[in-house]
> 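Have a look at this one.
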2 protein chains.
Amino acid sequence: MSAENKNKALELNPNVSVDCVIFGFDFDQLHCLVIDSGLSKTTGRSRLAVPGDLIYDNETLDEAAKRVLKELTGIDNIYLEQVGAFGDPNRMGKESDKEWLKSLRAEPDARVITVAYFSLVKMNDFNPEASSFAESAGWAPIKEIDELAFDHSEILESALGQLKRKIKIQPIGFNLLPQKFTLSQLHKLYESILNKPLDKRNFRRKILNLQILTPLNEKQVGVPHKPSQLFEFNEENYQKLSSEGFDNFGF
Amino acid sequence: MSAENKNKALELNPNVSVDCVIFGFDFDQLHCLVIDSGLSKTTGRSRLAVPGDLIYDNETLDEAAKRVLKELTGIDNIYLEQVGAFGDPNRMGKESDKEWLKSLRAEPDARVITVAYFSLVKMNDFNPEASSFAESAGWAPIKEIDELAFDHSEILESALGQLKRKIKIQPIGFNLLPQKFTLSQLHKLYESILNKPLDKRNFRRKILNLQILTPLNEKQVGVPHKPSQLFEFNEENYQKLSSEGFDNFGF
DNA sequence: TTTGAAAGTGTGTTAATGACACACAGCTAA
DNA sequence: TTAGCTGTGTGTCATTAACACACTTTCAAA
């Protein structure tokens, strides 16, 4: 083992992986980035998963998550937040996952625990481009995702839960919306994440009270209805609230 | 490797450990359970850590945490909640940890990521008894803990943070207080955890509004001041609030 | 019987919340 | 030009929660 250690910078750790749940928003629904095994040709069934892979022995978990995301989707330079570790010994034991696993791993039977991360990105900024073992990569509406490979459904569920909790104590949207956006878009984002309707007027009141929005002297153009006021985030206050947190957004 | 796999039920996974941050309360301050390396005799410095060890390949992370806690301290049958994974490649790289590590591990240089758990227990119910490689185990007041071995200070910090967050959305105390307790004791518990004073009357009002306390027809006896009313938790409502959560306890 | 120590209790003020409905601007298509 | 559609934008009121604040009660011990 000590001989191996000399070289460990280059070695994949066979027992630990990272998985990345990337949320995106298209002004309508919340999406999640998934990769496809490309096995549907042979098996008739596609296997979807969130991007993830084994870590190297010389990188931190955070670094591994960033690297893996980049390798599999081309997405770079985003902030990832840890969700937690998932380590059921049978988490990769589904029959339907076996084939993919064999094609992926040098030791397909090794016991792997995974550390999940999540992030929020503007969907349009990131056109995921599959590479490495991902046959394809793309955005899937959360509501339409039914089964994912391995324990990725559980991981997605957990990440979503964390996002719902986070939304109550920190501002969000900065990473999901374009620089200029309307209150309706932000409103819809909150509704998509919490998956329930929120009263429009109360929403506006509360979000404006947070003092994180700067109204612009600009309106939407080209919409088939009254154009709405555009806002941008007040970066200073947004950061302040992000780091301090607030007690309760209260929905 | 496939030969090894046959036997993996019996094998420690060299790359993954669990660590348990156990909080206890003595009606005065918040404590944390720590074990001692017993190396102070030889090195002159004691090394304190929270109980933790490598996992077996056939157990879940949750099971591993329970097992390890039991092996090192005798504490059994408590609910542990995951805090997260810690995986800096140098997390066990301190010079001062080397000696202990060598005595502990078959592969002291292996890269280990750890999954941290935390729990709350009644201090008096658990007189930790050191065993396995723990030379001694005992309760240390949080405030007096300065340096722990490995990255355990960071882990403790993180667990404490999670506890502070949890306290706002779920009732706590059931696992930290005896069956019958006073509001002052509960009050002090909250102050200890949040590490700041809370207004007595507002605290009483809020906690009573939660409907999780049943007043008893009993008072303290033998105290040199007005004896206070005893309460117990209303288990049904407590469980209900535990699982549903509330939006904000608001301190 | 006095003293010290903590328990216990009530009120007024202010801020936040949730429920609720309608008029208007701008576009499109007839 | 007009009618119709779609989404924008706005205010009030009743209820509830948050907060700040001070005095009296009870007991044990000296």
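Each chain gets a letter, A, B and so on, in the order the sequences are listed, and its residues count up from 1. The analysis underlying the following values was restricted to heavy atoms, covering all of them including side chains, and did not include hydrogens, waters or symmetry mates.
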> What is the per-nucleotide protein-contact pattern of nucleotides 21-30 of chain C, from the 5' end, where B denotes a base atom under 4.0 Å from a protein heavy atom, S denotes such proximity for sugar-phosphate atoms only, and - denotes neither?
B---BBS---
> Which whole-number value in Å describes the distance from A:H187 NE2 to D:dT10 P?
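After rounding, the gap between these two atoms is 15 Å.
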> Round to a whole Å and report the spacing from CG of A:L186 to P of D:dG9.
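Rounded to the whole Å, the gap is 13 Å.
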> How many whole angstroms separate atom CG of B:L208 from atom C1' of C:dG8?
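About 11 Å, once rounded to whole Å.
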> Excluding sequence neighbours, so at least two apart, what forms side chain to side chain contact (heavy atoms under 4.5 Å, CB included) with A:P178?
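Once residues adjacent in sequence are excluded, the partners of A:P178 under the side chain to side chain contact (heavy atoms under 4.5 Å, CB included) criterion are A:F27.
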> Got a donor-acceptor pair under 3.5 Å from the side chain of A:R205 to the base of D:dG11?
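By the distance-only test, no, there is no pair.
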> D:dC19, C:dA7, C:dC20: which one has an atom nearest the side-chain heavy atoms of A:D199?
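Per side-chain heavy atoms of A:D199, the pick is C:dC20.
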> With B:Q179, which residues qualify under side chain to side chain contact (heavy atoms under 4.5 Å, CB included), at least two apart?
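Residues passing side chain to side chain contact (heavy atoms under 4.5 Å, CB included) with B:Q179: B:E232.
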> Excluding sequence neighbours, so at least two apart, what forms ring-ring contact (aromatic ring centres under 6.0 Å, His included) with B:Y238?
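Checked B:Y238 against ring-ring contact (aromatic ring centres under 6.0 Å, His included); matches are B:F174, B:F233.
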> To the nearest Å, give me how far apart CZ (A:F246) and P (C:dT17) are.
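Taking CZ of A:F246 and P of C:dT17, I get 11 Å after rounding.
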> Without decimals, in angstroms, what is the distance between A:F203 CZ and D:dT8 P?
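Result: 12 Å.
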> Over how many whole Å does the gap from A:Q185 atom CD to D:dG7 atom C1' extend?
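The distance from CD of A:Q185 to C1' of D:dG7 comes to 12 Å, rounded to the nearest Å.
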> For B:S17, give me all partners under side-chain hydrogen bond (donor to acceptor under 3.5 Å, both in side chains), at least two apart in sequence or on another chain.
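B:S17 satisfies side-chain hydrogen bond (donor to acceptor under 3.5 Å, both in side chains) with B:T114 only.
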> If you measure from the Lys or Arg side-chain nitrogens to the Asp or Glu carboxylate oxygens, is any gap between A:E218 and A:K180 under 4.0 Å?
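Answer for the salt bridge query: yes.
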> Check the phosphate of D:dT8 against A:S184, side-chain N and O only, distance under 4.0 Å to OP1 or OP2. Yes or no?
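Checking A:S184 against D:dT8: at least one side-chain N or O falls below 4.0 Å of OP1 or OP2.
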> For B:K200, what residues pass the side chain to side chain contact (heavy atoms under 4.5 Å, CB included) criterion, not counting sequence neighbours?
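Residues passing side chain to side chain contact (heavy atoms under 4.5 Å, CB included) with B:K200: B:H187, B:R204.
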> Taking the side chain as everything from C-beta on, heavy atoms only, tell me whether A:P215 gets closer than 4.5 Å to A:Q229.
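Heavy-atom side-chain distance check passes, below 4.5 Å.
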> Could you tell me how far apart A:N209 (CG) and C:dA15 (C1') are, to the nearest whole angstrom?
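Nearest whole value for this atom pair: 10 Å.
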> Rounding to a whole Å, what distance do you find between A:N202:CG and D:dT15:P?
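Distance check: A:N202 CG to D:dT15 P gives 16 Å.
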> For B:Q220, answer base if it contacts any base atom (sugar-phosphate contacts may also be present), sugar-phosphate if it contacts only those atoms, and nothing otherwise; contact means non-hydrogen atoms under 4.0 Å.
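No contact at all - B:Q220 keeps every heavy atom at 4.0 Å or more from the nucleic acid.
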